There are 2 protein chains.
Amino acid sequence: MVTIYDIAAKASVSAMTVSRVINNTGKISEKTRAKVKRVMEELNYVPNQTARSLVLQQTKLLFLLITDIMNPFYTTLARGAEDAAKKSGYRLLFGNSDESLEKESDYVTTILIARVDGVLVAPAGDPSLPHMESLRMHNVPFVLLDREVPGIECDIVLGDSKEGARMLVEHLVSQGHRRIAMVNGSPSISSARLRLQGYQDGLKLNDLSYNDRYVYETSFGPLNDLSEMEQWIDRMDPPPTAIVAGNNVLAVEVMRLLRGRGISVPDDMSIVCFDDLGPYSEIEPFLTVAAQQAYQFGYMGMKMLIERIQERETTLPWKKIVLPADLIIRRSVKEITQP
Amino acid sequence: MVTIYDIAAKASVSAMTVSRVINNTGKISEKTRAKVKRVMEELNYVPNQTARSLVLQQTKLLFLLITDIMNPFYTTLARGAEDAAKKSGYRLLFGNSDESLEKESDYVTTILIARVDGVLVAPAGDPSLPHMESLRMHNVPFVLLDREVPGIECDIVLGDSKEGARMLVEHLVSQGHRRIAMVNGSPSISSARLRLQGYQDGLKLNDLSYNDRYVYETSFGPLNDLSEMEQWIDRMDPPPTAIVAGNNVLAVEVMRLLRGRGISVPDDMSIVCFDDLGPYSEIEPFLTVAAQQAYQFGYMGMKMLIERIQERETTLPWKKIVLPADLIIRRSVKEITQP
DNA sequence: TATTTTTAGGTTATCGGTAACATTACTTAA
DNA sequence: TTAAGTAATGTTACCGATAACCTAAAAATA
């Protein structure tokens, strides 16, 4: 491996001079600089970031931990984060916790070992608290995405979940629906709780009563087993005419289940959900959604993180950004006239 | 930051003893081991991977470079790669070249700087050759995925593109189609070339003539501008009854275009393509596809890479794995009876 | 008991860079 | 002409870990 010393020897200068040329620091005569550069090219020199990180005590690596790599909300978010990171000269590592606390815990270890300069996390849920505390204890700056974790103070980018859910319900009501059910993520996730609240608010504002038999709480991730959801659907009597899904993945799961049972959407059941389906809503712009600004989640979160890292010394107040969701009306809701 | 020396001091042993405890090497009395471990826990010690990498000359980091992070083929592949990496105690970084040679070149630099132990690459195309040569020159083991790069010998995992395309054409023919067009990726990409050949083979086997006006070559990535494709569609006279798309993204783009022009699929036009749409084919299992074993691409590629790294000394012969594609028949092809 | 072997642990140098300080060679003003 | 200032470069120590070598004490063997 070519090192700074090989360059130094061949150019008949000291290693320090080479280092100065590489980093454009100190004073170097044009002649020396040219000579060193020529030798570096001749030998195809690439600086060893490992050695540099060791002495500089920074890796210029950031980490993005998401909960579902197949979910276009997160891949879009990842792109935003990546773009913002690159702009500031950081490189970005990804991790995928699959909504699992164990995997999340593994990644926190990885993060500490890799000595990354900062982390962007979509936490698995409230029980992620110890993981965040661990990052805090080890002095790793982090910014939360999409979900709050009660008990920890930090920078955070959130969507307006409550308002978005209310909007979805009100849209359904405007189309004549009165029996509206909800499939949601786990109540141990702050955004799921807020979406439930928004759903309840939407009902109340329209003088519809809330019935917890119409609510099914499961995981936001892909479901292996739909039988529980199936039982829930059967238990609702009278059946709802519409279902609000807490996110895009759940909407897809519900549709998969309904299709299996020969229930057609939107003719027999209307569906709306949080988050868009990325490029695949192009194929058939079907689902009516409360689209969150996924790219902005990543982009703004990353900018906050980098600012936090660069202002390590100063004690900035914690920042909180709340991004609104946009209602995109498509074809998954049927207008019904009162029976 | 807590270092091995802090532990050593507090446990009244040498740093080396601590290192031995951490790595389970050498001989250490149970008493000492327990004492050191206790101090490590007390101080929440996390080993500094940077320092370790410097001396061990390995980072235990691998890199996966894909060309489209929104494409479920690649996210599924990524998952396979991640699983295989984790099993062998490696961590995985991702990069996304967006089918762009410039971004790919950037990532190659990143890869060299980050001193990763090995790389899994889906190259942007034949012109990626210098990038691969650069990796080779710097002694970074790599495995290619999905696309060959003429001029470089290496381990590789490919799909059976020719056979898959032939299958798609034959399926269309079996449904009565005779005028079959193809939208494909750039001919500078090996898999695109093979898919074109497979398409031609499929036609020939059924005594259909090949007409290059029925073939449109563009990028495999998402298209910003559909106007060229639109002109192509208009130029075909008589118009085809079916289109074979070189991958899933192109299929989605074609459908987007057709929808915009009020042409309904499959009633007015049948569509088939390479690669499945991931979880989104659940929502409406619509597209008939030649599904590649995306997960296996990543999993097997990663296993080959790790073997290559671990057998660095031995000169293993280059390996080539070719994975077949499965025809999944859904609803995007209409059976037509001869007019 | 004396000698060899084994066990448990310590010392030192090193990985490839960079910060801080030191030195040399020119300029420039007095 | 000379002291002082500046520009250009070199020296040394260190970041945090580990490999290779070394040593003292205990255990095994003669």
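This is a predicted model, so every value here is computed, not measured. All values below come from the heavy atoms of this structure, side chains included, with hydrogens, waters and symmetry mates left out.
Side-chain atoms of B:Y45 and B:D6 form no donor-acceptor pair, as typed in the model, at a separation below 3.5 Å. Using modelled atom types, one finds a donor on one side chain and an acceptor on the other under 3.5 Å when comparing B:S14 with B:T17.
Listed candidates were D:dT18, C:dG9, C:dC15. Nearest to the side chain of B:T32 is C:dG9. Considering only the side chain of A:S19, C:dT18 comes nearest among C:dT18, D:dG16, D:dG10. The side chain of B:K27 lies closest to C:dT7, out of C:dT7, D:dA17, D:dT9. Comparing atom distances between the A:R20 side chain and each of D:dC15, C:dG17, C:dC21 picks out C:dC21 as nearest.
Within the structure, every side-chain polar atom (N or O) of A:Y45 is placed at least 4.0 Å from both OP1 and OP2 of C:dG16. For A:T17 and D:dA8, the shortest distance from a side-chain N or O to OP1 or OP2 is not below 4.0 Å. Phosphate contact (OP1/OP2 of C:dC15, side-chain N/O of A:T3, threshold under 4.0 Å): absent. Proximity of B:S29 to the phosphate of C:dG9: a side-chain N or O atom is located under 4.0 Å from OP1 or OP2.
Nucleic acid contact for A:S14: base, since at least one base atom lies under 4.0 Å from a heavy atom of the residue. Nucleic acid contact for A:L56: sugar-phosphate only, since backbone atoms but no base atoms lie under 4.0 Å from a heavy atom of the residue. Within the nucleic acid shown, A:Q57 comes within 4.0 Å of sugar-phosphate atoms alone, with no base atom in reach, counting heavy atoms only. Residue A:L54 is classed as a base contact, given a heavy-atom separation below 4.0 Å to a base.
Of the two residues contacting DNA chain D, namely A:V13 and B:A51, the nearest-nucleotide position lying further toward the 5' end is that of A:V13. If you find the closest nucleotide of DNA chain C to A:Y5 and to B:M16, the one lying nearer the 5' end belongs to B:M16. If you find the closest nucleotide of DNA chain C to B:S12 and to B:R115, the one lying nearer the 5' end belongs to B:S12.
Rounded to the nearest 0.5 Å, atoms CD (A:E104) and OG1 (A:T67) are 9.0 Å apart.
Atom pair B:N23:CG and D:dA20:P shows a separation of 14 Å (rounding to whole Å applied). We find that CE of A:M1 is positioned 9 Å from C1' of C:dC15, with the value rounded to whole Å. Taking atom CZ on A:R52 and atom P on D:dC15, their separation rounds to 19 Å, with Å as the unit. In this structure, A:Q49 atom CD and D:dC15 atom C1' are separated by 14 Å, rounded to whole Å. Separating the CD1 atom of B:I4 from the P atom of C:dC15 is a distance of 19 Å, rounded to the nearest angstrom. Between A:N24 atom CG and C:dA19 atom P the separation is 13 Å, expressed in whole Å. For A:R33 and D:dA7, the CZ to P distance is 14 Å, given to the nearest whole Å. We find that CD1 of B:I113 is positioned 12 Å from P of C:dG17, with the value rounded to whole Å.
Classification of A:E133 and A:R136 as a salt-bridged pair fails, no side-chain N sitting under 4.0 Å from a carboxylate O. Ionic pairing of B:R312 and B:D117 is not present here: no N-O contact between side-chain nitrogen and carboxylate oxygen is shorter than 4.0 angstrom. Checked for salt-bridge contact, A:E82 and A:K86 miss the test: no charged N lies under 4.0 Å from a carboxylate O.
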